[in-house]
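Before any comments, here is the structure.
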Amino acid sequence: MIITLKDGSTKEYAGEMSVYDIALDISEGLARMACAGEVNGQVVDLRTVISEDCELNILTANDEKGLAALRHTASHVLAEAVKRLYPEAKLAIGPSIDTGFYYDFECAPFSREDLDKLEAEMKKIIKEGAKLEKFTLPRAEAIAFMKEKGEPYKVELIEDLPEDAEISFYRQGDGFTDLCAGPHLMSTKGIKAFKLLSSSGAYWRGSEKNQMLTRIYGTAFAKKDELNAYLEHLEDIKLRDHNKLGREMELFTTVDVIGQGLPLLMPKGAKMVQTMQRWIEDLEDNEWGYVRTKTPLMAKNDLYRISGHWDHYTDGMFVLGDKEDKDVMALRPMTCPFQYYVYKATQHSYRDLPIRYGETSTLFRNEESGEMHGLTRVRQFTISEGHLIVRPDQMVEEFKNCLALAKHCLTTLGVEEDVTYHLSKWDPETREKYIGEPEVWEETEGHIRDILNELEIPFTEDVGEAAFYGPKVDINAKNVYGKEDTMITIQWDALLAAQFDMYYIDQNGEKVRPYIIHRTSMGCYERTLAWLIEKYAGKFPTWLCPEQVRILPISDKYMDYANEVAAELKKNGILCTVDSRAEKIGFKIRETWLAKVPYMLVVGQKEQEDGTVSVRSRFVGNEGTKPIGEFINQICEEIRTKEIRKELPEEEKNK
């Protein structure tokens with residue numbers, strides 16, 4: 001047989017060979033580093049026997065799929081360590097994930113001290129260097145095997161498989177066997193660097209109706225320096241995590257008696273959201289041709305029956321009263337049907353279109369308790385919502401303009417490089433989830449695909465992610481932990497106008513159905529605030545900061561002058577405070593740095609006599625003494641243009 005390797009070279013063998021033996025034949029070094037194989041594009045175990053011509057790639061930990069095999073093996077080593085130290089623990093699942101691996105157990109929660117003990121036991125297992133051996137059993141024997149071991153979760157997994165399935169297991173030496181499809185390293189010695197990171201609760205199979213298990217998260221790498229770099233990255237993540245940093249900066253808080261997913265924006269956080277909201281409203285109305293509406297926060301279920309939300313989305317709504325009651329009310333999960341009735345209140349000509357409605361909308365979504373997190377997933381939130389009522393011939397151009405507005409907002413916030421674009425399509429296999437005919441979906445998805453290609457925007461296509469009434473562009477970003485959330489959505493709707501009997505009068509005097517674009521320009525304010533906290537680690541651009549300047553009098557003698565400076569700044573719309581505490585100036589400066597305020601103005605006798613301020617910035621350090629007017633002009637220009645000043649490294653400031 002002829003084996004074609006990744007570099008295009010070939011190896012010829014007279015008989016069948018395992019992937020590992022081929023790696024060994026190429027070089028001993030490659031065999032030592034090998035984690036898995038890729039045969040004709042499919043990842044396989046190193047023990048897989050090849051008996052015919054194929055393309056083969058030997059995967060090492062330098063490859064994403066090879067590293068996954070290493071981490072999967074580390075999860076088995078963890079499971080063995082848990083069974084050694086806690087024999088009563090029941091095994092659930094233990095996959096590799098993008099950041100490492102985890103394993104779920106039915107047992108008492110683990111403390112940090114417990115994790116340290118488990119790490120020590122894992123090191124013993126790795127040092128023993130037990131070989132991992134794969135074997136299979138018929139389904140009935142596999143069930144009996146796991147019942148004998150007292151592993152009910154493994155039994156349940158096997159019982160879900162077809163009756164004629166061959167069930168694979170991996171044995172580590174003589175002491176531990178686990179149900180697993182692989183792939184795995186040849187022995188435990190291949191794990192060179194690992195760390196157990198944390199322990200938390202996790203429902204069996206992700207359902208809160210099932211048993212709560214204990215999950216251990218860990219990570220593993222081929223080299224210690226890679227592990228150390230990742231652990232440093234985790235420390236940076238902790239500093240940026242909006243759920244921690246946002247509370248420390250007094251931007252928001254949550255209270256149990258108020259409820260999960262209902263954050264309280266504190267004065268600083270509320271000021272930031274107010275700044276963004278005023279910016280978006282003025283931008284849309286003054287530069288992009290929007291008109292503003294204000295509509296109710298709830299409606300009778302009659303409205304949602306017309307829109308289709310009652311049939312397709314009631315599980316995600318807060319319903320007030322009995323669902324079968326004709327007068328039942330529900331808090332709105334969206335604004336579109338409300339704005340449709342604003343449109344319907346007046347008859348429109350083709351000359352009136354497009355009409356672009358904008359609204360700062362407070363919405364309500366009945367999220368699962370396990371899904372909620374900080375400001376990124378909440379039950380009440382506010383978005384920069386809009387609906388464009390357009391003629392069919394205007395649809396493509398208006399859709400492009402919605403993308404342009406979204407990109408402008410992302411650029412202004414400094415996050416345009418952090419997003420990915422997705423064409424969210426319907427899934428014909430779940431036809432009942434959608435309205436409209438297949439040809440409408442194919443046509444509208446094709447229009448969006450053509451627009452993205454024309455604008456040279458890279459995108460992926462996601463089946464099953466469309467709204468029930470139309471496809472959309474989702475603009476997504478990842479948080480510091482790598483979880484992806486949708487930040488901005490632009491939806492193509494060729495269907496709902498008919499359900500609401502919306503029309504315009506064309507040039508022939510005929511009634512014609514308009515098309516609708518559902519869109520956000522910046523998205524959800526709460527989620528965007530969380531994104532910005534993590535993006536900037538709390539060091540926001542000056543125009544967004546809830547405190548832009550802090551004035552520091554050297555002593556009480558200069559308090560009156562400090563207040564005069566503050567009054568001048570406030571006249572010009574600059575958000576400033578005076579640190580009037582009876583503390584030494586060095587302490588005040590350190591406190592201001594820690595508070596991440598962009599500018600501090602130190603004032604004393606010389607500044608008072610000259611009508612100046614001593615400027616220190618977060619960006620370059622000491623900027624020297626300036627007349628008050630000059631500083632005001634400088635910062636006002638920075639705020640007006642929404643400049644994002646780059647911050648020099650500490651060692652380069654004031655060189």
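On a predicted model such as this, the values are computed, not experimentally measured, just so you know. Side-chain atoms are counted along with the backbone in the values below, which use heavy atoms only and exclude waters and symmetry mates.
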So, the side chain of [X] versus the backbone of [Y]: is there a donor-acceptor pair under 3.5 Å, distance only?
{"X": "H242", "Y": "L375", "value": "yes"}
{"X": "Q380", "Y": "F364", "value": "no"}
{"X": "T219", "Y": "T99", "value": "yes"}
{"X": "Q548", "Y": "T542", "value": "yes"}
{"X": "R365", "Y": "P333", "value": "yes"}
{"X": "R379", "Y": "E367", "value": "yes"}
{"X": "N301", "Y": "Y304", "value": "no"}
{"X": "K588", "Y": "D579", "value": "yes"}
{"X": "N210", "Y": "W204", "value": "yes"}
{"X": "T460", "Y": "H422", "value": "no"}

| task | Please confirm whether R71 makes a cation-pi placement over F101, using NZ or CZ under 6.0 Å from the six-membered ring centre and within 45° of the ring normal. | result |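 Verdict for F101: no cation-pi partner in R71.
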Measuring from atom [atom1] of [X] to atom [atom2] of [Y], what distance do you get when rounded to the nearest 0.5 angstrom?
{"X": "Y515", "Y": "T444", "atom1": "OH", "atom2": "OG1", "result": "8.5 Å"}
{"X": "L544", "Y": "L529", "atom1": "CG", "atom2": "CG", "result": "9.0 Å"}
{"X": "W288", "Y": "I280", "atom1": "CH2", "atom2": "CD1", "result": "11.0 Å"}
{"X": "L594", "Y": "E248", "atom1": "CG", "atom2": "CD", "result": "11.0 Å"}

Compare all side-chain heavy atoms of [X] with those of [Y] and state whether any distance is below 4.5 angstrom.
{"X": "L569", "Y": "C576", "answer": "yes"}
{"X": "C409", "Y": "L283", "answer": "yes"}
{"X": "F338", "Y": "T293", "answer": "no"}
{"X": "V255", "Y": "L264", "answer": "yes"}
{"X": "V597", "Y": "R618", "answer": "no"}
{"X": "Y536", "Y": "P541", "answer": "yes"}
{"X": "L413", "Y": "F540", "answer": "no"}
{"X": "R550", "Y": "L552", "answer": "yes"}

Minimal non-hydrogen separation, [X] against [Y], with atom names:
{"X": "Y153", "Y": "L91", "value": "CB-O, 3.3 Å"}
{"X": "W593", "Y": "S617", "value": "CH2-O, 3.2 Å"}
{"X": "T382", "Y": "E526", "value": "N-OE1, 3.0 Å"}
{"X": "L197", "Y": "L115", "value": "C-CD1, 4.4 Å"}
{"X": "T486", "Y": "R527", "value": "O-NH1, 2.7 Å"}
{"X": "P109", "Y": "D114", "value": "O-OD2, 4.0 Å"}

| message | Is there a side chain to side chain donor-acceptor pair (under 3.5 Å) between T295 and Q339? Walk through the geometry before answering. | response | CA-CA 8 Å; T295 56; Q339 289 191 329; 6.0 Å; no
Is [X] salt-bridged to [Y], cutoff N-O under 4.0 Å?
{"X": "E284", "Y": "R519", "answer": "yes"}
{"X": "R581", "Y": "E591", "answer": "yes"}
{"X": "K407", "Y": "E416", "answer": "no"}
{"X": "K238", "Y": "E235", "answer": "yes"}
{"X": "R356", "Y": "E398", "answer": "yes"}
{"X": "K433", "Y": "D427", "answer": "no"}
{"X": "D282", "Y": "R278", "answer": "no"}
{"X": "R377", "Y": "D485", "answer": "yes"}
{"X": "R292", "Y": "D285", "answer": "yes"}

| request: Quick one: do Y481 and D241 satisfy side chain to side chain donor-acceptor pair (under 3.5 Å)? Show the steps, please. | output: CA-CA 8 Å; Y481 294 103; D241 182 353; 2.8 Å; yes
| field | Verdict with supporting geometry, W531 and V419, side-chain contact (heavy atoms from CB on, under 4.5 Å) | value | CA-CA 11 Å; W531 189 12; V419 301; 3.5 Å; yes
Any side-chain donor-acceptor pair under 3.5 Å between [X] and [Y]?
{"X": "Y203", "Y": "R205", "result": "no"}
{"X": "S384", "Y": "T520", "result": "no"}
{"X": "E106", "Y": "T214", "result": "no"}
{"X": "S307", "Y": "Q499", "result": "no"}
{"X": "T335", "Y": "E359", "result": "no"}
{"X": "E465", "Y": "S424", "result": "no"}
{"X": "E638", "Y": "Y599", "result": "yes"}

| task | Give me the ring orientation class for W279 and H408: parallel if the planes are under 30° apart, tilted from 30 to 60°, perpendicular past 60°. | result | tilted
| request: Dump the intermediate steps for side-chain contact (heavy atoms from CB on, under 4.5 Å) on W310 and L303, then the final yes or no. | output: CA-CA 9 Å; W310 196 253; L303 180 70; over 6 Å; no
| task | Under the side-chain contact (heavy atoms from CB on, under 4.5 Å) rule, what do T489 and Q491 come out as? Steps first, then yes or no, please. | result | CA-CA 6 Å; T489 293; Q491 301 176 350; 3.4 Å; yes
Can the ring centroids of [X] and [Y] be said to lie less than 6.0 angstrom from one another?
{"X": "Y340", "Y": "F500", "result": "yes"}
{"X": "H518", "Y": "Y469", "result": "yes"}
{"X": "Y103", "Y": "F105", "result": "yes"}

| Between H309 and F468, is a ring-ring contact (aromatic ring centres under 6.0 Å, His included) present by the stated rule, with each step listed? | CA-CA 9 Å; H309 288 91; F468 68 84; 5.0 Å; yes
| request: Would you indicate whether E429, at its atom CD, is surrounded by more than 12 heavy atoms from other residues, nucleotides or ligands within a distance under 6.0 Å? | output: no
| query | Is the CG atom of D98 crowded by more than 12 outside heavy atoms at less than 6.0 Å? | reply | no
| message | Please determine whether side-chain contact (heavy atoms from CB on, under 4.5 Å) holds for the pair Y230 and K195, giving the CA-CA distance in whole Å, both sets of side-chain angles, and the decisive distance to 0.1 Å. | response | CA-CA 10 Å; Y230 179 72; K195 181 71 178 176; over 6 Å; no
| message | The test is side chain to side chain donor-acceptor pair (under 3.5 Å); show your working for E281 and T360 and say whether it passes. | response | CA-CA 8 Å; E281 290 179 350; T360 302; 2.4 Å; yes
